[in-house]
A.B. asks: 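The structure follows.
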Amino acid sequence: MATASGHLTIFTPKPRTLQTFKASASVPSINNAPAAAGNFKKQLMGFAAGLMAASAVAAATPLAADATRIEYYATVSEPSCELSFVRSGLGYCDVVVGSGAEVPYGQLINVHYTARFADGIVFDSTYKRARPLTMRLGTGKVIKGLDQGILGGGGVPPMQVGGKRKLHIPPHLAYGPEPAGCFSGDCNIPANATLVYDVNFVEVYKGNRK
């Protein structure tokens with residue numbers, strides 16, 4: 001830079017200090033790669049162990065659900081009543097005597113039922129399907145104990161709409177010496193089983209031919 005006196009003055013720039021940056025401790029260096037890999041392996045093993053534990057809990061859930069289901073369907077049992085036995089060996093008693101139409105011979109009707117073995121274990125129920133069963137009586141479409149127990153005959157009065165009846169069905173009026181409800185070798189009803197039905201006569205099926 002030139003001054004008023006004509007002399008040239010040269011300014012020497014001051015040296016600057018360069019800032020240095022240190023690598024973050026969270027970023028592994030090449031030398032620390034084996035340690036980082038070990039930590040990752042431990043984290044992966046921990047995650048796998050947690051996943052296995054969650055799977056074990058999930059696998060146990062259906063068993064609890066089944067237990068609850070059996071307990072629930074046991075609560076739809078009608079109150080106990082004193083059974084009357086007729087010559088055929090069928091036992092019956094009316095929990096509620098219906099006031100509607102009498103069950104028609106050979107026609108379709110809708111019934112709700114809960115079916116148990118003699119020891120009280122439920123093996124079938126229309127309530128779990130949330131709809132009654134449509135059946136035809138007097139034509140051999142159902143077991144003899146249901147035919148006689150609902151349709152009547154042999155000392156058993158016919159049911160009426162709105163009626164609720166308990167039936168104690170001996171093996172020879174049920175499925176006899178052969179197991180029933182079999183699928184892939186597993187049978188729902190063993191041979192010579194005595195069955196107990198709680199039957200609710202809901203209605204005469206509206207689709208019957210006039």
Side-chain angles (χ1 to χ4, degrees), residues 69-183 186-210:
R69 182 184 64 185
I70 293 172
E71 182 179 355
Y72 170 77
Y73 290 125
T75 65
V76 303
S77 174
E78 299 297 341
S80 60
C81 56
E82 187 175 352
L83 292 168
S84 297
F85 288 86
V86 296
R87 186 183 297 271
S88 67
L90 178 73
Y92 79 95
C93 61
D94 286 312
V95 177
V96 175
V97 177
S99 57
E102 190 174 288
V103 56
Y105 183 91
Q107 297 293 306
L108 294 172
I109 63 171
N110 289 332
V111 300
H112 265 306
Y113 67 84
T114 298
R116 297 176 173 78
F117 297 118
D119 59 5
I121 295 177
V122 175
F123 67 87
D124 192 18
S125 175
T126 58
Y127 294 102
K128 71 180 179 181
R129 296 187 286 274
R131 63 178 183 272
L133 176 69
T134 301
M135 63 170 61
R136 191 187 304 273
L137 298 174
T139 60
K141 299 296 185 181
V142 298
I143 59 175
K144 295 178 180 179
L146 288 178
D147 255 343
Q148 184 181 11
I150 301 174
L151 188 60
V156 180
M159 291 187 70
Q160 294 174 266
V161 172
K164 295 182 178 181
R165 178 173 289 178
K166 187 180 293 291
L167 301 174
H168 186 277
I169 304 175
H172 68 278
L173 295 179
Y175 296 99
E178 298 296 328
C182 300
F183 181 76
D186 294 326
C187 297
N188 195 27
I189 303 173
N192 296 313
T194 295
L195 309 179
V196 178
Y197 276 78
D198 287 312
V199 179
N200 176 7
F201 183 9
V202 178
E203 62 181 356
V204 177
Y205 181 65
K206 295 180 176 60
N208 284 314
R209 294 180 179 179
K210 302 297 183 183

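A quick note: this is a predicted structure, and the numbers were derived from the prediction, not measured.
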A.B. asks: Could you tell me which non-hydrogen atom of Val202 sits nearest to which non-hydrogen atom of Pro132, and how far apart they are?
C.D. replies: CG2-CB, 4.4 Å

A.B. asks: Just grab all the disulfide (SG to SG under 2.5 Å) pairs involving residues 110-171, residues at least two apart or on different chains.
C.D. replies: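 Counting only pairs at least two positions apart or across chains, no disulfide (SG to SG under 2.5 Å) contact touches residues 110-171.
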
A.B. asks: Taking disulfide (SG to SG under 2.5 Å) as the cut-off, I'd like each qualifying pair that reaches into residues 82-181, sequence neighbours left out, listed once.
C.D. replies: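 Output for this query lists Cys81-Cys93.
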
A.B. asks: Contact between Cys187 and Glu178 at the side-chain level, heavy atoms closer than 4.5 Å - yes or no?
C.D. replies: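 Result no, sub-4.5 Å side-chain heavy-atom pair not found.
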
A.B. asks: Identify whether the distance between the nearest side-chain nitrogen and carboxylate oxygen of Arg116 and Asp198 falls below 4.0 Å.
C.D. replies: yes

A.B. asks: Determine whether Val196 and Ile169 make a side-chain contact, defined as any pair of heavy atoms from C-beta on separated by less than 4.5 Å.
C.D. replies: no

A.B. asks: Decide yes or no for Asn200 and Tyr127: does some side-chain heavy atom of the first lie under 4.5 Å from some side-chain heavy atom of the second?
C.D. replies: yes

A.B. asks: Restricting to non-hydrogen atoms, name the atom on Leu83 and the atom on Gly91 that form the minimum distance, rounded to 0.1 Å.
C.D. replies: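 Closest approach of Leu83 to Gly91: CD2-C, 4.0 Å.
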
A.B. asks: Could you please spell out the steps behind the side-chain contact (heavy atoms from CB on, under 4.5 Å) verdict for Leu151 and Tyr105?
C.D. replies: CA-CA 7 Å; Leu151 188 60; Tyr105 183 91; 3.4 Å; yes

A.B. asks: Can we say Arg129 and Asp124 salt-bridge, meaning some charged N sits less than 4.0 Å from an Asp/Glu carboxylate O?
C.D. replies: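 Looking at Arg129 and Asp124, the cut-off is met.
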
A.B. asks: Should Leu108 and Lys206 be marked as a side-chain contact (heavy atoms from CB on, under 4.5 Å) after you check the CA-CA gap, both sets of side-chain angles, and the distance that decides it?
C.D. replies: CA-CA 8 Å; Leu108 294 172; Lys206 295 180 176 60; over 6 Å; no

A.B. asks: Where do Gly140 and Asp147 come nearest, in terms of heavy atoms and distance?
C.D. replies: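 The answer is N-OD2, 3.9 Å.
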
A.B. asks: Dump the intermediate steps for side-chain contact (heavy atoms from CB on, under 4.5 Å) on Leu173 and Ser88, then the final yes or no.
C.D. replies: CA-CA 8 Å; Leu173 295 179; Ser88 67; 3.8 Å; yes

A.B. asks: Hey, what do you get for CD1 (Ile109) to CD (Glu102), rounding to the nearest 0.5 Å?
C.D. replies: 11.5 Å

A.B. asks: Evaluate the side-chain proximity of Met135 to Val111: yes if any heavy-atom separation is below 4.5 Å, no if none is.
C.D. replies: yes

A.B. asks: Which atom pair, heavy atoms only, marks the closest approach of Gly162 to Val96?
C.D. replies: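 Closest approach of Gly162 to Val96, heavy atoms only: O-CG1, 3.8 Å.
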
A.B. asks: How long is the span from the CG atom in Leu167 to the OH atom in Tyr197, to the nearest 0.5 Å?
C.D. replies: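 If we round to the nearest 0.5 Å, Leu167:CG and Tyr197:OH are 9.5 Å apart.
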
A.B. asks: Identify the two heavy atoms, one from Tyr113 and one from Leu133, that lie closest to each other, and give their separation to 0.1 Å.
C.D. replies: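 Heavy atoms of Tyr113 and Leu133 come nearest at CE2-CD2, 3.7 Å.
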
A.B. asks: Does some side-chain heavy atom of Arg131 sit less than 4.5 Å from a side-chain heavy atom of Thr126?
C.D. replies: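 No, every pair of side-chain atoms sits at 4.5 Å or beyond.
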
A.B. asks: On a heavy-atom basis, which atom in Ser125 and which in Thr114 lie closest, and how many Å separate them?
C.D. replies: OG-OG1, 3.5 Å

A.B. asks: Looking at CD1 of Ile143 and CD of Gln148, how far apart are the two atoms once the value is rounded to the nearest 0.5 Å?
C.D. replies: 11.5 Å

A.B. asks: For Gln160 and Ser99, what are the C-alpha separation, side-chain angles and deciding distance, and is it a side chain to side chain donor-acceptor pair (under 3.5 Å)?
C.D. replies: CA-CA 6 Å; Gln160 294 174 266; Ser99 57; over 6 Å; no

A.B. asks: In Å and rounded to the nearest 0.5 Å, what is the NE2 to NZ distance from His112 to Lys164?
C.D. replies: 10.0 Å

A.B. asks: Apply side chain to side chain contact (heavy atoms under 4.5 Å, CB included) to Ala193 and list each qualifying residue two or more places apart in sequence or on a separate chain.
C.D. replies: Phe117, Ile189, Pro190, Leu195

A.B. asks: Nearest 0.5 angstrom please: Gln107 CD to Arg136 CZ, how far?
C.D. replies: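 Rounded to the nearest 0.5 Å, the CD-CZ separation comes to 6.5 Å.
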
A.B. asks: Just wondering, more than 12 heavy atoms not from Phe123 lying within 6.0 Å of its CZ?
C.D. replies: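 More than 12 heavy atoms, drawn from other residues, nucleotides or ligands, come within 6.0 Å of this atom.
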
A.B. asks: Let's go through His168 and Phe85 carefully: what are the C-alpha distance in whole Å and the side-chain angles of both, what is the deciding distance for side-chain contact (heavy atoms from CB on, under 4.5 Å) to 0.1 Å, and is it a yes or a no?
C.D. replies: CA-CA 9 Å; His168 186 277; Phe85 288 86; 3.8 Å; yes

